[in-house]
Amino acid sequence: MPMDFQILDADYEVVNDSSPVIRLFGRGADGKSVCCFVPDFEPYFYLKASGDLHAVARLVKDTFGQVTKVEIVEKFEPVGYQKIKKEMLRITTRLPRDVPEIRDDILKLREVMKAEGKWEVYETDILFRNRFLIDKSLGGMVWVSAEGKPVDPARYFRAGSSGNSRCENFACDSSIIASGFQKIENLTIASLKYLSFDIECLPLDGGMPSPDVSPIIMISFAFEPEYRGHKTLVLVAKPAEGMDADVISCRDETEMLNRFFEIFCEYDPDIIVGYNHQDFDIPYITDRVKALVAKGEAINPVVGRDGSKIGYRKFGLITRTEFKGRVVVDALPLVRRAFSLKQYTLRVVSKELLSREKLDVPPLEMEEYWVDTGDKFRKFVDYSRRDSELALELILNLRLLDKYIALARVSGSLLQEVVDGGQTSMVETLLLREFGLRDRVLLPKPNDGVSAERYEMSSDLKGGEVLEPKKGLLENVLILDYKSLYPTIMMAHNLCYTTVVTEDRPEGETIKPPSGGEFVLPEVSKGIVPSILEDLLNQRTETKKRMKRASDQNEYRVLDATQLALKILLNSFYGYSGYARARLYSLTLANAVTSFGRHNILNTREIINNTIGKIVLRGDAALLLKEAGELSSSDIIVELSVAYGDTDSVFVHCKSGGDLSLEEISLVGNRLSAIVSASLPDPMELEFESIAKHALLIAKKRYALWLFEPSNSGWEGQIKVKGMETVRRDWCELTSVTLNRVLELVLIEGDVDRAVEHVREVVSNVRNLDPAKDSEMIESLILTRTLTRKTDSYKNKQPHLTVVEKTKERTGSVSSIGTRIPFVITAGKGLFVDRAEDPEYVREHNIPIDVDYYIKKQILPPVERILEVFGVKISSLDFDSKQKGLFDFEAKKPEVNKPEKPPSERENKVKVQEQDPFQENGRAEQSSLFDF
DNA sequence: CAGCGGTCCTAT
DNA sequence: TCAGATAGGACCGCTG
């Protein structure tokens, strides 16, 4: 009977001290956890040597006892167009660890051989499990059907002298030795078991707990699916009576910890969830267990499917944990990546994303709650339980893993690598697989010296082109977008590491990017990266088609995650080429891509502004002037001009004598998309995305749109803000809210008067702020900033730094790098940075807020940047606490077309954009804010 | 007061 | 946020 399972994790174990055996851990189609042993896969790497290769081969074999086989193979070198393959050595070793052991020494043989040319090693730093997955076309979350016989892991490994105790604790439902296996196409995801946990410690004096001295007093679990009828469990390290059924009272800490590991292994989870458990709970448990064991306590801290114990490793600032056969998923970094929030404490995150309240026990009263036997203790238990629940809900309810599961499948990297790492591991997995198939070897990762050098050079990498916006308010703006610009450029122009002309010259023509360099034509040699991209793009198109046919919601979700994953991967290759730590780094390639991109957007602007210039709408047709022939009075003439663009987007302002409907503008959009796309090499495409009925362009990368996109139920309007203070997290909530309202009034209602009135109200509220009554208002004045480095490596004072230092002095608690620090500006003299203060502290001590700062620096400047477009001038200088002359409508006041409002006394009409001579049809009888 | 370095965060 | 990239706006506080 073949066994079908989905690969969750993979590694290897050495049997008999002599040969490695791959272990694939997974969850079976039958719901059981599986460990599948695969023997007979051997580690290897490549050596490019000069001189007599047979002699080198013999020497390698004679020199290194670990080498079992040396073959002469033909391979292409990693970079550059090459006409023919070169002979290299493929060196097989007994154990995976032999590869790094001999790779440096092997280069020294060059002197022994007295060889002339350069020697180089390739693929010497590929983890053995990844080597296996890549060579066998398997990968994370892939389904495998394995043939083989069941095996008792304990007996299997006892043969080896390494005979470790882990085997006794082997924690899989079934184990087999594979005699054969194959990948199977299966879109579904196995029924995974999720376990979330959270620990509570008792610090000595309300400070930070230290594992040497502060005991763990509670551990909570949340399960999905249930564990023996329990959705949650709370273990407490003291005798307790009268508790709920899901509370397990233990004699002491040691018993509790042992119960923890027992329940953990019995439940046998696939996904280990927590909130910041990667950085806190797991290292803490590890160290605490060590401390207790050192004192003579008996604890067996098994968490791995192979019986391995809990542990962690620190790399600089980051902690990595590994639970063999399982996947550790910390909700904190996932939430961070998925949502832009001002703070990422579990309290804030749960409230914002789940609308759930975190329960809290004040740190200073923790001991009191712990020794209590009644309500307070129950509250403490509830608080602990809730934290586990929340972490699990974040992952499950927000479906945070879907994307990562899809990325693992599509890239072939293990889920843990995808969740932990960036795009690098995924890109490299794809590259290694495709390079292997095409007989090309890949370079090892660069060392620190090389990447530092490259990092310096990277200043020569130019990026995208940002067009100067036509600042102001525009009506009827088409938004066009290049679909996957950089990947399609690479495909269209065959840009690749393997096509760049270096040593060998192809016959005939080459592709010459604006940035320089030369690439061979696809007919001469099709690039590997373009081929990978093409495949990803085809898969994505196919996936999107299947989404339309999808019958049930689950299938739809999986497909949607898949197409998103494909998009992410498509866009990863360009970044990788300019990434200093990449195995393959090529400024020539990266610059070729961006230079084509810049060229492209400028060219598009030229076509739209000048070659096309105007479009004639006649019935359902959007015609070029030359196609239109003689114009009739029913024709609508639309004049086009590019108002803005950033890298891969073009905003086209459509002007005509009268109103244009969304349908009419769409006709123009579709025509533009067709014309421009036709002028581009395949598969580059300019897509008609949406229409901004009104667009407010403030600066490069700063704008707000009243956007309409075609949907099933006609047109749906929404405001979209980019780059402005409403979307920036280093401004206070009051700024965002106020600005949003102003944008709404101005963009949709066209009512500048009301916007001004609104601002006036807000300012007056702030000025008359009464801290005693207005705690909500103070909430909305909180600013946040990320602590980006160690506090001593800042060159300048920073407000959040001030707060971090003050807090450390007061409570001893230190903020870790990467956390967002909330603060408010308090009243007083001196620099603003010195007056930053912890909001909590301000509330407790009734410290007055610097109202003036908030009005003059937080509310008014962003508002002013918007309203000055309409001629509203806010003379903040004139303004004093008596609210006199707050707004100074210098000469201009907008005339707004609102019948219910009295006409403005002032004559000047708003100057939205420079006046346009193009007024033909008499359709603009009423003047409105948006007419000109 | 203009200009600049340092810092943060966002757009693409 | 120990690993995709650059472009760019805005702020603060210092300097000349």
Under 4.0 Å, heavy atoms only, any strand: does [X] hit a base, just the sugar-phosphate, or nothing?
X      : result
A/V727 : sugar-phosphate
A/T788 : sugar-phosphate
A/S458 : sugar-phosphate
A/R313 : nothing
A/Q423 : base
A/R320 : sugar-phosphate
A/G463 : sugar-phosphate

Mind calculating the distance between [atom1] ([X]) and [atom2] ([N]) to the nearest angstrom?
X      : N      : atom1 : atom2 : result
A/Y585 : C/dT6  : OH    : C1'   : 12 Å
A/D279 : C/dC2  : CG    : P     : 11 Å
A/K471 : C/dG9  : NZ    : C1'   : 10 Å
A/D730 : B/dC8  : CG    : P     : 10 Å
A/D646 : C/dG9  : CG    : P     : 11 Å
A/N447 : C/dC2  : CG    : C1'   : 16 Å
A/E465 : B/dT12 : CD    : C1'   : 13 Å

Quiz item: From A/I849 CD1 over to A/E837 CD, what is the distance, rounded to the nearest 0.5 angstrom?
Solution: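 The CD1 atom of A/I849 sits 9.5 Å away from the CD atom of A/E837.
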Below the 4.0 Å mark, does [N] have OP1 or OP2 next to a side-chain nitrogen or oxygen of [X]?
X      : N      : result
A/Y579 : C/dC2  : no
A/R337 : C/dT1  : yes
A/K462 : C/dT6  : no
A/Y794 : B/dC8  : yes
A/H800 : B/dT7  : no
A/K701 : C/dA10 : no
A/R789 : B/dT7  : yes
A/K700 : C/dG8  : yes
A/T424 : C/dA3  : no
A/R729 : B/dT10 : yes

Exercise. Count the heavy atoms of every other residue, nucleotide or ligand shown that sit under 6.0 Å from CZ of A/F339, and state whether that count exceeds 12.
Key: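 Counting other residues, nucleotides and ligands, CZ of A/F339 exceeds 12 neighbours.
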Quiz item: Should we say atom NZ of A/K314 is surrounded by more than 12 heavy atoms from elsewhere, each under 6.0 Å from it?
Solution: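 Counting other residues, nucleotides and ligands, NZ of A/K314 exceeds 12 neighbours.
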Quiz prompt | Considering all heavy atoms, the nearest A/V349-A/Q343 contact | solution =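 A/V349 and A/Q343 have their closest heavy atoms at CG2-O, 4.1 Å.
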Quiz item: Judged by modelled atom types alone, do A/R729 and A/T784 share a side-chain donor-acceptor pair under 3.5 Å?
Solution: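 No donor-acceptor contact under 3.5 Å links the two side chains.
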Exercise. Return the nearest nucleotide to the side chain of A/R702; candidates are C/dA5, B/dC8, C/dA10.
Key: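 The closest nucleotide is C/dA10.
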Quiz item: Of the nucleotides C/dG9, C/dA7, B/dC9, which has the atom closest to the A/V466 side chain?
Solution: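 Closest nucleotide to the A/V466 side chain: C/dA7.
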Quiz item: Parallel, tilted or perpendicular: which describes the rings of A/Y486 and A/Y574, with under 30° parallel and over 60° perpendicular?
Solution: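 Aromatic pair A/Y486/A/Y574 classed perpendicular.
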Quiz item: In terms of ring plane angle, is the pair A/F651 and A/Y644 parallel, tilted or perpendicular, where the classes change at 30° and 60°?
Solution: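 Geometry flag for A/Y644 against A/F651: perpendicular rings.
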Quiz item: For A/R129 and A/E417, what are the C-alpha separation, side-chain angles and deciding distance, and is it a salt bridge (Lys or Arg N to Asp or Glu O under 4.0 Å)?
Solution: CA-CA 12 Å; A/R129 56 155 202 236; A/E417 280 181 43; 2.8 Å; yes
Exercise. May I ask you to test the A/P681-A/H493 pair for a side-chain heavy-atom distance under 4.5 Å?
Key: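 In short, these two side chains touch, coming nearer than 4.5 Å.
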Practice problem: Sticking with atom C1', work out how far C/dG4 lies from B/dG5, rounded to a whole angstrom. | Solution: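 Their C1' atoms lie roughly 27 Å apart.
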Exercise. Sugar-phosphate atoms are those with a prime plus P, OP1 and OP2; base atoms are the rest. Using that split, label each nucleotide of nucleotides 11-16 of chain C B, S or - for protein heavy atoms under 4.0 Å, 5' to 3'.
Key: SSSS--
